[in-house]
Colleague: 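This structure is in structure tokens; I'll ask about it shortly.
Chain identifiers are assigned alphabetically (A, B, ...) following the order of the sequence lines, protein sequences preceding nucleic acid strands; residue numbering begins at 1 within each chain. Quick note: numbers below take in every heavy atom, side chains included, and nothing from hydrogens, waters or symmetry partners.
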2 protein chains.
Amino acid sequence: MVDGEPTGERAGATRRRPGLSRAAVLDAALELVDRGGLAQLSMRRLGASLQVEAMAIYRYVRSRDALLDGLVDRVMDQLYADPAVLLQEGDDWADFLRRVADGVRRVARQHPQLFPLIATRPPAAPWVRPPLRSLRWVEGFLTGLQSRGFSEDGAIYAYRAFASFLVGHLLLEVSAKGVDPVPTEPTGPPPPDVDLSAYPELQRLAPRLAVEDLDEEFAHGLEDLLERIGERARLARP
Amino acid sequence: MVDGEPTGERAGATRRRPGLSRAAVLDAALELVDRGGLAQLSMRRLGASLQVEAMAIYRYVRSRDALLDGLVDRVMDQLYADPAVLLQEGDDWADFLRRVADGVRRVARQHPQLFPLIATRPPAAPWVRPPLRSLRWVEGFLTGLQSRGFSEDGAIYAYRAFASFLVGHLLLEVSAKGVDPVPTEPTGPPPPDVDLSAYPELQRLAPRLAVEDLDEEFAHGLEDLLERIGERARLARP
DNA sequence: GACAGGGTCCATACGATGTAAACACGTCCG
DNA sequence: CGGACGTGTTTACATCGTATGGACCCTGTC
């Protein structure tokens, strides 16, 4: 049983493989999810895409759930590392929030299949009210605002309002782009459009509901939110 | 094989069972999900809870996914049937939206395990921008607003802003309540609280982040939103 | 150079899952 | 009485997550 190539590969295991790593695993998983959706992410498939048996993955990840958490954290953390997002010396808090919002939105559109998880997975610290994952991120947010003159209450309020605004908008934005369809078809024909005859108003307004001014709407909502946050901050710290 | 009771029941099938029905299936599924979470909803378990073999369920539901969609629709539709939510003759649009918001929030808290699905599942008509499921519901929303003097654009804008506000707030609210934990423990001890030493600001503000003034915050955000919607409507229809 | 130790990956196995297909039974209509 | 039909059961299969134990390679020590 020393030779004879049972898997079609040189059975001799580790040979000159670049070697797995947690990062490699996460990246491969992320790619699987991005095209194909969450359902495509099985340990065996992930293994195959890394040219490795499924069980090898467990060296780098405790379980499939942990893998998912890892994905979420990785994506969020890479956002945190994005220089275009970090708060910079010269800008005020509103600029900071705008940049963060843009960054998160970019993440949502890059990984639409993953985003629902980001908004949905039980967070590491559930008592952090709006649990936007990545504690590091929350920390940065809070200190960032406070260093920009926010009171503690103001920062907390801002964090909550901001997080829920982002999640709400982006989740809907993402779920509107066909997120779930089976991956066998790269982009098969959309499901045979539903019968709308029972919903006249919906039918009549359909074109306009489908309209794509999401950019404008997002921006508008964000400015609105910033104004609200600013007001509140002013109240809390006269 | 004609007798001998393989399942512990009278094998003779249909006998005097109340008989399954789509409604019964959905109700049982909903109960399974409510206590135990989505992961507990397997066809076999659902079958068992209906005293039926798993495959019997497929007479009433095309697949597990369809089951989930059915759950979402059922919950949303029952909201639509709620007399406390329907718009009534005397009230203006703001009252209507307030009541809808309360209704959806009630749903979210009654079925916290299901709510992420509501916000997440690919909608029947993906082109309806914020896809709040239940087309019937959207229809009611649009006609309701328009009959209250909203322009078409105003109604559409209101729908979008309203839906994303609701989803954002409620999703975070729900996911903060431990949603996912394994169901074996009715309410086991919360996961061994994360180590926060790396995040001083977070640690310092933790008590306040955990604070439970969600009611107030929700109400505040809602009023704010209503104001914004009203403004926009006024612009569109001078 | 030999050899022990440990890290990495493989092979195998088990129970659970979603669901297709064929079948059994009870009811009702002719 | 006989078939059609609807409802639930049986059996089967592919796939999943993962526990366990063994095979291989690399490295460090003598």
Colleague: Going by the rule side-chain contact (heavy atoms from CB on, under 4.5 Å), which residues pair with A/Gln78 if we only count those two or more places apart in sequence or in a different chain?
Modeller: A/Gln110, A/His111
Colleague: By nearest nucleotide on DNA chain C, pick out whichever of A/Ala54 and B/Met43 is the more 5' one.
Modeller: A/Ala54
Colleague: The side chain of A/Met55 lies closest to which of these nucleotides: D/dT9, D/dT18, C/dT19?
Modeller: D/dT18
Colleague: Specify the separation, in whole Å, of atom CD of B/Glu53 and atom P of D/dA12.
Modeller: 15 Å
Colleague: Just how far, in rounded Å, is C1' of D/dT7 from CZ of B/Arg22?
Modeller: 17 Å
Colleague: Hey, does the side-chain of A/Arg59 have a donor or acceptor N/O within less than 3.5 Å of a partner on the base of C/dG7?
Modeller: no
Colleague: Looking at D/dG8, I'd like to know if its phosphate oxygens (OP1 or OP2) sit under 4.0 Å from a side-chain N or O belonging to B/Tyr58.
Modeller: no
Colleague: Short question: side chain of B/Arg22, backbone of B/Tyr60 - any donor-acceptor pair under 3.5 Å?
Modeller: yes
Colleague: Contact class for B/Leu46 (heavy atom, under 4.0 Å): base, sugar-phosphate, or nothing?
Modeller: nothing
Colleague: Are B/Arg99 and B/Asp82 within salt-bridge range, i.e. N to O under 4.0 Å?
Modeller: no
Colleague: Check the pair A/Arg105 / A/Asp215 against salt bridge (charged side-chain N to carboxylate O under 4.0 Å, His left out), numbers first and verdict last.
Modeller: CA-CA 10 Å; A/Arg105 187 156 186 249; A/Asp215 287 345; 2.7 Å; yes
Colleague: Who pairs with A/Ala29 by side-chain contact (heavy atoms from CB on, under 4.5 Å), at least two apart in sequence or on another chain?
Modeller: A/Leu41, A/Leu46, A/Leu67, A/Leu71
Colleague: Out of D/dT9, C/dG18, C/dT8, which has the shortest distance to the side chain of A/Tyr60?
Modeller: C/dT8
Colleague: Atom CZ of A/Arg44 to atom P of D/dG17: distance rounded to whole Å?
Modeller: 7 Å
Colleague: Less than 3.5 Å between a donor and an acceptor, one on the side chain of B/Arg62 and one on the base of C/dT19, is that the case here?
Modeller: no
Colleague: Given that A/Leu41 and B/Ala56 both sit by DNA chain D, which one's nearest nucleotide is further toward the 5' end?
Modeller: B/Ala56
Colleague: Using a cut-off of 4.0 Å on non-hydrogen atoms, how would the nucleic acid contact of B/Arg45 be classed: base, sugar-phosphate, or nothing?
Modeller: sugar-phosphate
Colleague: Starting at CZ of B/Arg64 and ending at P of D/dA14, how long is that distance when rounded to a whole Å?
Modeller: 22 Å
Colleague: Atom CD of A/Gln40 to atom P of D/dG17: distance rounded to whole Å?
Modeller: 11 Å
